[in-house]
Structures are given as structure tokens and as C-alpha cells.
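Scroll down for the structure; my scribbles are underneath it.
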Amino acid sequence: MGTEDKGGQKTASKIAPATGKLGVMIVGLGAVSTTMIAGVEAVRRGLAKPIGSLTQMGTIRLGKRTDNNTPRIKDFVPLADLKDVVFTGWDIFEDNVYEAAAHAQVLDEKTLAQLKPYLETIKPMPAVFDQYYVKRLNGTHVKKGKNKRELADQLRADIQAFKKTVDRVVVIWAASTEIFFEASAVHQSIEAFEKGLENNDIGIAPSQIYAYAALSEGVPFANGAPNLTVDFPAMVELSKKNAAPICGKDFKTGQTFMKTILAPALKARMIGVKGWFSTNILGNRDGEVLDDPQSFKTKEESKLGSLDYIFQPELYPDLYKDIYHKIRINYYPPRGDDKEAWDNIDIFGWLGYPMQIKVNFLCRDSILAAPVALDLVLFLDLAKRTPELRSLGIQEWLSFYLKSPQSAPGLYPEHDLFIQSMKLKNTLRHIMGADLITHLGLEYYD
Ligand SMILES: NC(=O)c1ccc[n+]([C@@H]2O[C@H](COP(=O)([O-])OP(=O)(O)OC[C@H]3O[C@@H](n4cnc5c(N)ncnc54)[C@H](O)[C@@H]3O)[C@@H](O)[C@H]2O)c1
């Protein structure tokens, strides 16, 4: 099992093939989810290209630069084929995926009309929801139970029923951002968590009930939002125990994506930073939910983390000790899903002379997030089939996609996009028994 070195010969991990159907269960059929589902169907029908998806378009170099061996990632590792992906999900509203996509207004009417017969067939199952955790929504299509354990059992029954129709399952949270709170006693072990489900502990939010249900069924779980969901000891324990991979949280798409590109560049050249002001306007339902201060706090915490880790102010006090980092998200309905983000970065160079960088990113939130969600699902399914990865719990190599990467206790997370990219590709090389690429390159000059 695993990648072994036998007398210098590397052998690949015995990864189970991606045969049969991959069932993708999505919590929250909103803007991101419907854009992903419609996009996958459009790609399957040859109507569009899967732009932004590393699993679909990316390549991986193997061996020396002179070897000219750069297969596509999906031809190198055994990933589920898009034609084998089957979608279902839960939502607090009864709209089918066509109606939800039309409401989200991300994709144009012509594209949606072409896909309508397929999208209409995907109807959400009733959700586990509690307005205490998402103040701005009032769901009607919800499960009822005497306590949180019963709700978890109902979700487990949904997963078991879906499992009968497909070969493998992955669950992904792409539902609204829940209010901010920190892990407490109930999150410290599986036993404490299960007691909490029974006692309706207030520390157990709906997202955690979904994660518990998935991991209990041995199903990998990704969290696209910044809420506290799998990032505490009970879930890490459950993930390892049931060989159900997990991987940090909050899709890294717009402003944080840019931040984790720019900040490493400034640090690499020892350029100082005095302040970083980030503001956004956004008018979709996500923006409306984030207009609530408690949901915004969850997002803010997730967005704030990256700079501190990248700049390492304790190592470089002269450059980064006093950074003033401020983040704002303003709900502005006229823009819908077309977010606009501004960053003003006050930097300083040689002898302390000040300079400024301005970034104005006019992006489309769900167009950026859909391929990230797809890649996470396909790679988590790969992790589940890879003996060397599936019982590790946290898949640190998927940090590439997340604003808040998860790492082992005591280990700081890597936020630098290029370190994350290298880690991801080296993990793929490693499980396939290929040589890792260090970029040393001295051998070309022997
Ligand atoms: N689009 C991006 O670039 C991006 C980046 C990072 C994170 N995110 C996060 O991804 C999530 C989805 O974003 P979106 O733009 O699709 O939002 P959205 O509001 O369009 O969709 C969320 C959906 O979740 C449903 N929902 C809420 N609570 C639920 C529950 N308990 N169970 C089932 N369904 C529930 C809502 O009814 C809604 O349909 C948000 O939390 C957002 O913060 C998005």
C-alpha cells in the first residue's frame, strides 16, 4: 500500500479505479451549485469548455523539463469522468435546479433554456435548517425531528438511499454562511458531539449535522463556506475513523485568490506592507446573507487569516509587524452575482520609501467558484479511493482551493497559492509513484 521505494523503483499507490457513477450531494442549490451543475451538463454536451477547472484542463509535468512529458491531470490520475457524475442536493426552498439557476441570474437565459429539461429533473430534498444560524433566510422546505440526532439520521437515510443508485458519493456544502462561533466542549470528541446531537447543543449548527451524517457514512465532505463545520477535533476523528476525507473551508475565488498571489510576491522580494484595505460590493443572495453582522464575522475571520500566515510578521517584524488589514463586504443588489472588489495596498521599499498598489477585480462570483467546487468533489473522490490518503482525515493538498486551509494540530496552514499548487501536484505525483519535482534543476548543467 502507498507509494513505496523499492530499490530506487517507485510504485504507485493502489488507487481504486473511478468506475461507475459518482454521486455528488450538494447542500444548498444556490448560485454556485446551479452554476456548477449547469456547467458540467454544458461541458458534457459539448456546448462549452470547463474553463477554470484544473482537473479538466490542467496538465502535470513528469520527469525532467527535457523529457517533454506533460500529460493532462485527468489522464494521469484516475478521476471520475464528467459523464459519470450524478447530482442531487438539499435546499430550504423547493425550487428545482432550473428555477434556482434562473433566480441566481448567473447564466444567461439562452444557456439555461438549452439545459432546462435536464436541470428541471434535479429537485432538492428537504434541508436541515435553523434560522438561528442564518438570520437572513427563512426556509420552508425543511426536515423536522425531535432533536439534532434525528435530523442527522434523516440525512444519513438520504445518503444511504442515494448510495443505492450510484457507486460512490461525495457531499459538498455550498449553502449560506452561518453565524460566527468558536469550537466548544461539544466539538472536542465524537462522543461529546453525539451527546450534543441528542441534547440539541446550540454549538451544533446545521452544517455540522450534514458533515456528521456524511462522515458517519464514510463519505468525503467539502465545505465551500467559512462556517465552523469540519474544523474541530470530533470531525477530524470521525473523518479518520471512517476513511472519509475532509479539507478546510471557504472557496478561494476572488479577492483572497488575488491576495494569496500578490502577498507571496511582495514577501519574496522583501517589500514591506503597511496596510491592506479590501472592499467588495455584491448583490446576490450570498451578499444578502453576509449583510447580517454575524454571518459577515464568519467570512471576515476566514478572509483575514491569509495575510498573517503569508507575511510571517514574527520572522519579518521590520516589514510586516504593523500591517493594518481591513475587509469590507457591502450588499449592493444592482450588481447581482457580478462582484466588484477593490484593494488598496500601502507598501514600502528601499530605505522605507512608500508606494501603493491598487487592484480592481470585476469578477463573477459563481463563475469563479463553480470549477473550484467541481475540482474539490473530484479530488475528494480520488482521495477516498487512494489507500494512502483516505484515512489521513485532512487533505492538506487541497488547500489550493480554500481561503481557510485546514492542517494538522500545531502545523500552520500554507496560504501561498504557488506553494499550494506545488503541494497539490506533488501529491498527485507521489500517489502515482512518479518523481517529485523540486525545481532544483542543477542536473541540466552537469
Ligand atoms: N461564489 C464565491 O465566490 C464563493 C466563495 C467562497 C465561498 N462562497 C460561499 O459559498 C456559499 C454558496 O454561495 P452562493 O453564492 O451559491 O449562495 P446562495 O445564497 O446563492 O446559495 C446558498 C443556498 O443555500 C441554501 N441554504 C441555506 N442554508 C441551507 C441549509 N441549512 N441546508 C440546505 N440549503 C441551505 C439557500 O437556500 C441557497 O439556495 C456561501 O456560503 C458563500 O459564502 C462563495
Side-chain angles (χ1 to χ4, degrees), residues 15 17-26 28-61 69-89 95-124 162 165-170 172 174 222 224 251 253 257 284 336-338 363-382 385 400-401 424-425 428:
I15 304 172
T19 40
K21 299 282 179 210
L22 172 63
V24 180
M25 304 185 86
I26 312 172
L29 294 170
V32 173
S33 312
T34 58
T35 306
M36 166 170 72
I37 297 171
V40 166
E41 182 62 5
V43 171
R44 287 196 285 225
R45 293 208 202 160
L47 301 173
K49 300 264 182 235
I51 294 168
S53 163
L54 186 68
T55 59
Q56 303 308 302
M57 304 201 78
T59 61
I60 184 162
R61 187 187 117 202
N69 186 8
T70 311
R72 287 200 294 180
I73 286 175
K74 66 177 186 170
D75 297 329
F76 176 58
V77 290
L79 292 177
D81 193 292
L82 292 190
K83 74 175 182 347
D84 293 325
V85 172
V86 182
F87 293 105
T88 186
D95 293 354
N96 65 46
V97 167
Y98 172 76
E99 291 162 337
H103 178 266
Q105 292 188 320
V106 177
L107 302 176
D108 57 46
E109 277 171 28
K110 187 171 152 248
T111 306
L112 285 181
Q114 280 175 299
L115 304 169
K116 187 174 176 187
Y118 167 73
L119 298 178
E120 276 179 336
T121 63
I122 308 170
K123 300 185 176 100
F162 189 53
T165 68
V166 293
D167 298 90
R168 304 175 311 282
V169 173
V170 172
I172 181 165
F251 301 130
T253 50
F257 171 59
N284 59 15
D337 201 64
D338 298 349
C363 63
R364 292 172 191 264
D365 235 17
S366 304
I367 293 295
L368 292 172
V372 167
L374 174 67
D375 282 2
L376 277 171
V377 163
L378 297 182
F379 277 142
L380 279 173
D381 171 51
L382 172 71
R385 285 180 284 109
F400 178 65
Y401 293 107
L424 187 156
K425 288 193 172 179
L428 299 181

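Sequence positions, counted from 1, serve as the residue numbers for this chain. All values below come from the heavy atoms of this structure, side chains included, with hydrogens, waters and symmetry mates left out.
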Nearest heavy-atom neighbours spanning [X] and [Y]:
X   : Y    : value
L47 : Q114 : CD2-NE2, 3.9 Å
L29 : T34  : O-CG2, 3.7 Å
P78 : A18  : O-CB, 3.9 Å
G28 : S33  : O-OG, 2.5 Å

How many angstroms lie between [atom1] in [X] and [atom2] in [Y], if you round to the nearest 0.5 Å?
X    : Y    : atom1 : atom2 : answer
F76  : R61  : CZ    : CZ    : 12.5 Å
K123 : D95  : NZ    : CG    : 12.0 Å
L378 : L54  : CG    : CG    : 10.5 Å
D365 : D337 : CG    : CG    : 5.5 Å
F379 : L428 : CZ    : CG    : 5.0 Å
E120 : Y98  : CD    : OH    : 7.5 Å

With heavy-atom distances below 4.5 Å as the criterion, would you say the side chains of [X] and [Y] are in contact?
X    : Y    : answer
T165 : V86  : no
T35  : R364 : no
L380 : I172 : no
N96  : L119 : no
I15  : L382 : yes
I60  : V77  : no
V32  : F251 : yes

query: Do other residues, nucleotides or ligands put more than 12 heavy atoms under 6.0 Å from R72 CZ?
result: no
Can a donor-acceptor pair be found, under 3.5 Å and without considering hydrogens, that links the side chain of [X] to the backbone of [Y]?
X    : Y   : value
D81  : D84 : no
R168 : A80 : no
K425 : T59 : yes

Pairs where residues 370-379 contributes a residue and the test side chain to side chain donor-acceptor pair (under 3.5 Å) is met, not counting sequence neighbours: S53-D375, T55-D375, D375-Y401
field: Trace of the side-chain contact (heavy atoms from CB on, under 4.5 Å) decision for R44 with V85
entry: CA-CA 10 Å; R44 287 196 285 225; V85 172; 4.1 Å; yes
message: Between V43 and Q56, does the side-chain contact (heavy atoms from CB on, under 4.5 Å) criterion hold? Intermediate values first, please.
response: CA-CA 10 Å; V43 171; Q56 303 308 302; 5.8 Å; no
side-chain contact (heavy atoms from CB on, under 4.5 Å) assessment of F87 paired with V97: CA-CA 10 Å; F87 293 105; V97 167; over 6 Å; no
task: Check step by step if side-chain contact (heavy atoms from CB on, under 4.5 Å) holds for L107 and I367.
output: CA-CA 9 Å; L107 302 176; I367 293 295; 4.1 Å; yes
